[in-house]
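Data first, discussion second: the structure below is written as structure tokens.
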Amino acid sequence: MPELPEVETVVRELRHLSGDQFDSLKVHWFKTVGGEEKLFKSKLLNKPITRVFRRGKYICFSFANKVILTIHLRMTGKLIFSLSEKDQKHCRVEFGLKKNKALYFVDIRKFGRMQLWEEDHLLPDLGPEPLEKDVVYNALLEYKGKKEIKKVLLDQKILVGVGNIYADEALFQAKINPNSKFDRISKKRIAALSDAIPKILRASINNMGTTLSDYRTTKNIGGENQNYLKVYGQTGLPCVVCDSTIKRLIVGGRSTHYCPVCQKK
DNA sequence: CCTTAGTCCTGCATGC
DNA sequence: TGCATGCAGGACTAAG
């Protein structure tokens with residue numbers, strides 16, 4: 001499932017579209033564009049793309065008319081420049097480009113969403129970016145609730161970009177039990193977590209993201225970071241630190257992986 | 001204000 | 001083999 005490192009990888013591969021423009025738009029699944037096909041066409045077609053960037057887990061295209069298109073890949077979405085026969089079946093939206101090959105949005109589970117925004121009101125409810133240790137630390141200290149730490153990390157209003165995989169990996173690195181209530185965790189541990197999050201995300205960006213099933217870059221290839229996961233999806237395997245067996249539990253309805261010895265409450 | 005449950009979706013793994 | 005069931009989950013909405 002695409003989280004910050006996966007979206008960042010995709011965005012880096014899309015930056016060259018800056019200066020180009022969409023000259024056609026075909027919508028094959030209306031919900032992907034919130035049923036707004038006509039509006040999308042009127043706002044986007046033949047408008048120069050000025051910038052491609054990322055905000056949290058959203059891919060953002062800025063246009064010369066001050067409109068921003070956001071694309072959220074959710075679980076199985078991908079953006080690719082050529083369609084295999086198998087992908088064709090799941091193609092939800094296609095963008096014709098004036099200077100480049102067409103861009104296809106392929107999404108098996110149809111959870112992915114595109115939205116239009118005015119430049120000055122983009123994604124107002126998102127928390128800060130988590131790539132700097134100090135920013136993460138301050139964002140976490142600002143949270144005054146008592147939820148389980150795993151839920152806090154998944155809350156995009158507190159901090160953006162962290163999803164199920166990197167939440168588990170960061171909590172392992174910081175030796176924090178995913179079920180620990182936020183207000184019961186020491187400042188020292190929160191500092192360790194603030195250190196772990198940017199490091200883990202940056203390492204994954206360097207590995208082109210984590211491919212467990214569906215995530216692909218625009219070249220339709222997987223990332224490599226799945227080879228470096230220490231707890232996510234490692235249930236039943238030995239902990240790389242203490243050799244205990246990695247366990248799985250549910251926190252906030254999400255599958256959660258941890259070492260019961262390294263991450264005691 | 002809070003937390004929890006339900007919703008959207010399809011492919012794949014599992015069990016009988 | 002075939003069919004039914006359940007699970008995966010990010011963000012949003014509704015209910016309590």
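A note on names: the letters A, B, ... follow the listed sequences, proteins ahead of strands, and every chain is numbered from 1.
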At 4.0 Å (heavy atoms only), tell me whether S255(A) reaches a base, stays on the sugar-phosphate, or touches nothing. sugar-phosphate
Value in whole Å for how far the P atom of dT10(B) lies from CD1 of I108(A): 11 Å
Using the ring of each side chain (for Trp, its six-membered ring), is F63(A) parallel, tilted or perpendicular to F22(A), with breaks at 30° and 60°? tilted
Double-helix bend of the helix from dC2(B)-dG16(C) to dC16(B)-dG2(C), axes at both ends from 5 pairs, round to 10°, gives 60°
For the residue pair H72(A) and Y58(A), categorise the inter-ring angle as parallel (less than 30°), tilted (30 to 60°) or perpendicular (more than 60°). perpendicular
How long is the line joining CG of D155(A) and P of dC1(B), in whole Å? 14 Å
Answer with base, sugar-phosphate or nothing: what part of the nucleic acid does K151(A) contact at a heavy-atom distance below 4.0 Å? sugar-phosphate
Here's a test of your reading of the structure: between I250(A) and V162(A), which maps to the more 5' nucleotide of DNA chain C? I250(A)
All pairs passing salt bridge (charged side-chain N to carboxylate O under 4.0 Å, His left out) where residues 170-184 of chain A contributes a residue, at least two apart: E148(A)-K181(A)
Quick check on dT10(B): is either OP1 or OP2 less than 4.0 Å from any side-chain nitrogen or oxygen of K110(A)? yes
Quick check on dG10(C): is either OP1 or OP2 less than 4.0 Å from any side-chain nitrogen or oxygen of Y166(A)? no
Ring stacking, F111(A) with base of dC8(B), under 5.5 Å and under 30°? yes
Rounded to whole Å, how long is the line connecting atom NE2 of H257(A) with atom P of dG9(C)? 7 Å
Ignoring hydrogens and geometry beyond distance, is a side-chain donor-acceptor pair present between N179(A) and K150(A) at under 3.5 Å? no
Picking from V240(A), D168(A), L237(A), what satisfies side chain to side chain contact (heavy atoms under 4.5 Å, CB included) with V231(A)? D168(A)
Applying a 4.0 Å non-hydrogen cut-off, can you work out what M1(A) is touching in the nucleic acid: base, sugar-phosphate, or nothing? sugar-phosphate
Nearest-Å distance for atom pair CD1/P, residues I165(A) and dG9(C): 9 Å
What nucleic acid atoms does Q156(A) come within less than 4.0 Å of, heavy atoms only: base, sugar-phosphate, or nothing? sugar-phosphate
Rounded off to whole Å, could you give me the CZ-to-C1' distance for the R113(A) and dG10(C) pair? 11 Å
Whole angstrom value for the distance that separates P of dC9(B) from CZ of F105(A): 13 Å
Just do the salt bridge (Lys or Arg N to Asp or Glu O under 4.0 Å) check on E3(A) and R54(A) with the steps written out, would you? CA-CA 11 Å; E3(A) 304 177 25; R54(A) 179 190 58 74; over 6 Å; no
What contact category does K146(A) fall into here, base, sugar-phosphate, or nothing, at under 4.0 angstrom with non-hydrogen atoms? nothing
Specify the separation, in whole Å, of atom CD of E6(A) and atom P of dG9(C). 14 Å
Counting just side-chain N and O atoms, does K57(A) come under 4.0 Å of either OP1 or OP2 of dG10(C)? no
Could you check which of dG11(B), dG10(C), dT10(B) has an atom nearest any side-chain atom of R74(A)? dG10(C)
For W29(A) and for K147(A), find the nucleotide of DNA chain B with the closest heavy atom, then tell me which residue's nucleotide is more 5'. K147(A)
Would you compute the distance between atom CD1 of I71(A) and atom CG of D107(A) and round it to the nearest 0.5 angstrom? 11.0 Å
Is a side-chain donor or acceptor of N177(A) paired with a backbone partner of K264(A) at a separation under 3.5 angstrom? no
Protein-nucleotide distance (F182(A), atom CZ; dC2(B), atom P), rounded to Å: 14 Å
Has the side chain of R109(A) got a donor or acceptor atom sitting under 3.5 Å from an opposite partner on the base of dG11(B)? no
Does any donor atom in the side chain of S204(A) or N207(A) lie under 3.5 Å from an acceptor atom in the other side chain? no
How would you label the contact of F30(A) with the nucleic acid (heavy atoms, under 4.0 Å): base, sugar-phosphate, or nothing? nothing
Distance test, side-chain N/O of K89(A) to OP1/OP2 of dG11(B), below 4.0 Å: yes
dA11(C) phosphate, OP1 or OP2: any side-chain N/O from H72(A) under 4.0 angstrom? yes
Is any side-chain N or O of K157(A) closer than 4.0 Å to OP1 or OP2 of dA11(C)? no
